[in-house]
Enquirer: 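The structure follows.
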2 protein chains.
Amino acid sequence: MQECADCPIRHRAVCARCEPDELDRLDSIKYYRSFEAGQTVIWSGDAMDFVASVVSGIATLTQTMEDGRTQMVGLLLPSDFVGRPGRSRAAYDVVATTDIVMCCFRRKPFEDMMVRTPHIAQRLLEMTLDELDAAREWMLVLGRKTAREKIASLLAIIGRRDAALYLSGKAGPLTFDLPLTREAMADYLGLTLETVSRQVSALKKDGVIVLEGKRRVIVPDMNRLLEEAGDDSDGGMLS
Amino acid sequence: MQECADCPIRHRAVCARCEPDELDRLDSIKYYRSFEAGQTVIWSGDAMDFVASVVSGIATLTQTMEDGRTQMVGLLLPSDFVGRPGRSRAAYDVVATTDIVMCCFRRKPFEDMMVRTPHIAQRLLEMTLDELDAAREWMLVLGRKTAREKIASLLAIIGRRDAALYLSGKAGPLTFDLPLTREAMADYLGLTLETVSRQVSALKKDGVIVLEGKRRVIVPDMNRLLEEAGDDSDGGMLS
DNA sequence: TTAAGTCCTTGACCCAGATCAAGCCGGGAA
DNA sequence: TTCCCGGCTTGATCTGGGTCAAGGACTTAA
């Protein structure tokens, strides 16, 4: 399908630190899979004989209770890793929210390779620590923020990520597309979709954001949005 | 202070996989620190020139917003790891809830050693993945469970851990001490301490738990408690 | 033995967000 | 060109858990 050398996530995925020879070996055990928007990639509890990186598109990690209540526990963007070495069954549902392409490795060969290739294990550790930090920030959002602050937090997170990807300049209004439906946003934030809709409308009415259609968001003043999110004005950057 | 060989967390902490020679090297850079119940070990944002394992006692990881709202984002038990290699400032407040002893390593030497000792990095990856799973389960609790389910979930988590530590037999009523105040439980669960108190009383009135004093909890029927927590009756074990 | 402090419980009331319900909007199929 | 249909908005009402307030149960200190 594609050479690792010109892979769009070459420098951010688990393989980021690999040397050319290591990359060759990975190359030989990788294969691509595509899923359409809305498809379930993996069901929680199912056998999972591979691990993978998201190459393009967006997927979600969700947990569901017997009575149908669901909570999103991860948002998978390009370069994010799916699956856990050493675990044979999926712990969460993985659903494609847009069309996606994943770069897969059969689990066993990947595990073997991890033992012999510290560069992979190192990178995976780093990525896992980042995800843990994100999960902890998210816990504050879920546990203590109001509905309005939750929405503002989510917009800030998505906006910041988009800015990191596409721009480096810091000034001017930020524009991006929401990759999530109102319902998915509700599952992310522990709200109902009605509340999400109301709070998005309220932020719009108050001029914190501008909407173009239902999905395109313009943020005239990022600091204002961060204030609404209840975050430190400087975003609390860590090194 | 103590030899690694007879350290109580020797086989569960970051050093679990180390060979004798690796352990010797760790031994030479380690030092112990003690903190009293209530003491703050580290303030979020402060410089942090060490990483550490909890040897005994319990500590919490919390995040605080400017207006004082706080959310616990981690509960640190013996063998748990504190700090992040590569990061020089603490991202969270760490507070001792009981008297604790920590086994510390200066950050730089530890990082150097990690590069040269895959056994340490491997173990840290495994522990971090476990924590990420725990954080995700916690997100479901915070986002979607009712106050009663939250309390039942917390009791189930603490009860299960105690059972794993002290008993192996599966039958009979489970007894344990709550290591947290009502306020800490509230911070864990995204509730107020009044609601925690009310729901604990309600579970007691309904016979789900029995209280001896305010801290000692007896669970006559673990399955009943898990039902109240909204979990699968079998606890959803993963390999 | 009292006093002061910490932790916990309980009651009364209120409100943010859930629930229930109706209808709008825009795109694709016939 | 109309008709779905999925995604979204908005209104009316209800309620779980927050807030405010009072007081109980221990523990330590004088």
Side-chain angles (χ1 to χ4, degrees), chain A residues 36-39 60 65 67-71 95-98 141-155 177-206 209 211-217 228 230, chain B residues 36-39 60 65 67-71 95-98 141-155 177-206 209 211-217 228 230:
Chain A
E36 286 172 26
Q39 263 191 297
T60 61
M65 298 172 65
D67 62 7
R69 281 176 281 175
T70 72
Q71 174 65 52
V95 179
T97 53
T98 65
V141 171
L142 287 171
R144 293 302 186 191
K145 291 196 177 178
T146 64
R148 169 182 264 243
E149 288 169 334
K150 285 179 174 181
I151 299 290
S153 299
L154 176 57
L155 294 176
D177 279 322
L178 275 178
L180 301 174
T181 64
R182 296 290 185 264
E183 187 178 22
M185 293 172 67
D187 284 344
Y188 189 112
L189 297 169
L191 298 170
T192 59
L193 69 91
E194 293 95 328
T195 298
V196 171
S197 182
R198 274 186 251 273
Q199 296 298 336
V200 170
S201 298
L203 288 175
K204 174 182 161 188
K205 183 167 69 67
D206 296 345
I209 56 172
L211 292 183
E212 257 175 26
K214 302 203 182 294
R215 292 297 189 84
R216 178 148 282 255
V217 178
E228 291 287 353
Chain B
E36 287 172 25
Q39 262 192 298
T60 61
M65 298 171 66
D67 61 7
R69 282 176 281 175
T70 72
Q71 173 67 51
V95 180
T97 53
T98 65
V141 171
L142 287 171
R144 293 302 186 190
K145 291 195 178 179
T146 64
R148 169 182 265 242
E149 289 170 334
K150 284 178 175 182
I151 298 291
S153 299
L154 177 56
L155 293 175
D177 279 321
L178 275 178
L180 301 175
T181 65
R182 296 289 185 263
E183 188 178 22
M185 292 171 69
D187 283 345
Y188 189 112
L189 298 169
L191 298 170
T192 58
L193 69 91
E194 293 96 328
T195 298
V196 170
S197 182
R198 274 186 252 271
Q199 296 298 336
V200 169
S201 298
L203 289 175
K204 174 182 162 189
K205 184 167 70 65
D206 297 345
I209 57 172
L211 292 183
E212 257 175 27
K214 302 204 183 291
R215 292 298 189 85
R216 178 148 282 255
V217 177
E228 292 287 352

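Sequence lines set the chain letters: A, B, ... in the order given, protein chains first and strands last, and positions in each chain run from 1.
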Enquirer: Measure distances between side-chain N and O atoms of B:Arg198 and base N and O atoms of D:dG16, and say whether any donor-acceptor pair falls under 3.5 Å.
Expert: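 Under the 3.5 Å cut-off, the side chain and the base do not form any donor-acceptor pair.
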Enquirer: Rounded to the Å, how far apart are B:Glu194 CD and C:dC14 C1'?
Expert: 14 Å
Enquirer: Once you round it to whole Å, what is the distance between P of D:dC8 and CG of A:Leu178?
Expert: 9 Å
Enquirer: Tell me, please, which residues at least two apart from B:Arg215 pass salt bridge (Lys or Arg N to Asp or Glu O under 4.0 Å).
Expert: none
Enquirer: Could you state the CE-C1' distance from A:Met185 to C:dG17, rounded to the nearest angstrom?
Expert: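 Going from CE in A:Met185 over to C1' in C:dG17 covers 16 Å.
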Enquirer: Using whole Å, report how far CZ of A:Arg216 lies from P of C:dC25.
Expert: 22 Å
Enquirer: Give the rounded distance in Å between these two atoms: CG of A:Leu191 and C1' of C:dA18.
Expert: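 So the two atoms are 10 Å apart, to the nearest Å.
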Enquirer: Nearest 0.5 Å, what's the CD-CG distance between B:Glu212 and B:Asp177?
Expert: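 B:Glu212 CD to B:Asp177 CG: 9.0 Å, rounded to 0.5 Å.
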Enquirer: Would you give me the side-chain donor-acceptor pairs under 3.5 Å for residues 143-151 of chain B, sequence neighbours excluded?
Expert:
from, atom 1, to, atom 2, distance (Å)
B:Arg144, NE, A:Thr70, O, 2.7
B:Arg144, NH1, A:Leu191, O, 3.0
B:Arg144, NH2, A:Ala186, O, 3.0
B:Arg144, NH2, A:Asp187, OD1, 3.1
B:Arg144, NH2, A:Leu191, O, 3.0
B:Lys145, NZ, B:Ser153, OG, 3.1
B:Lys145, NZ, B:Ala229, O, 2.8
B:Lys145, NZ, B:Asp231, OD1, 2.8
B:Thr146, OG1, B:Glu149, N, 3.2
B:Thr146, OG1, B:Glu149, OE1, 3.4
B:Arg148, NH1, B:Glu228, OE1, 2.8
B:Arg148, NH1, B:Glu228, OE2, 3.1
B:Arg148, NH2, B:Asp206, OD2, 2.2
B:Glu149, OE1, A:Arg69, NH1, 2.7
B:Glu149, OE1, A:Arg69, NH2, 3.4
B:Glu149, OE1, B:Thr146, N, 2.9
B:Glu149, OE2, A:Arg69, NH2, 2.8
B:Lys150, NZ, B:Leu189, O, 3.0

Enquirer: With a 4.0 Å cut-off on heavy atoms, is B:Gly190 in touch with a base, just the backbone sugar-phosphate, or nothing at all?
Expert: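 Sugar-phosphate contact only.
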Enquirer: Please tabulate, one pair per line, all N/O donor-acceptor pairs under 3.5 Å involving side-chain atoms of residues 193-204 of chain A, not counting sequence neighbours.
Expert:
from, atom 1, to, atom 2, distance (Å)
A:Thr195, OG1, A:Thr192, OG1, 3.1
A:Ser201, OG, A:Ser197, O, 3.0

Enquirer: If only atom types and distance count, is the side chain of A:Gln71 paired as donor or acceptor with the main-chain N or O of A:Tyr188 below 3.5 Å?
Expert: yes
Enquirer: Restricting to nitrogen or oxygen on both sides, can you table the protein-nucleotides 6-8 of chain C pairs closer than 3.5 Å?
Expert:
from, atom 1, to, atom 2, distance (Å)
C:dC8, OP1, B:Arg215, NE, 3.1
C:dC8, OP2, B:Arg182, N, 2.8

Enquirer: Are the side chains of B:Leu155 and B:Leu178 in contact, using a 4.5 Å heavy-atom criterion?
Expert: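 Sidechains of B:Leu155 and B:Leu178: in contact.
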Enquirer: Quantify the bending of the helix from C:dT1-D:dA30 to C:dA30-D:dT1 as the angle between its end axes, each fitted on five pairs, to 10°.
Expert: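 It comes to 30° between the two terminal axes.
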Enquirer: With a 4.0 Å limit, can you tell me whether A:Thr192 has a side-chain N or O closer than that to the phosphate oxygens OP1/OP2 of C:dG17?
Expert: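 So the side-chain polar atoms of A:Thr192 never come under 4.0 Å of the phosphate oxygens OP1 or OP2 of C:dG17.
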Enquirer: Can you tell me how far C1' of C:dC25 sits from CG of A:Leu211, to the nearest Å?
Expert: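 Rounding to the nearest Å, CG of A:Leu211 and C1' of C:dC25 are 14 Å apart.
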Enquirer: Tell me the interatomic distance from A:Arg69, atom CZ, to D:dG16, atom P, rounded to whole angstroms.
Expert: 13 Å
Enquirer: Side-chain donor or acceptor of B:Arg148 under 3.5 Å from a matching atom on the base of D:dG17?
Expert: no
Enquirer: Here's a test of your reading of the structure: between A:Val200 and A:Arg144, which maps to the more 5' nucleotide of DNA chain D?
Expert: A:Val200
Enquirer: Specify the separation, in whole Å, of atom NZ of B:Lys145 and atom P of D:dG16.
Expert: 18 Å
Enquirer: Is the shortest heavy-atom distance from the side chain of A:Val217 to the side chain of A:Leu211 under 4.5 Å?
Expert: yes
Enquirer: Would you tabulate the nitrogen or oxygen pairs shorter than 3.5 Å linking the protein to nucleotides 26-28 of chain D?
Expert:
none

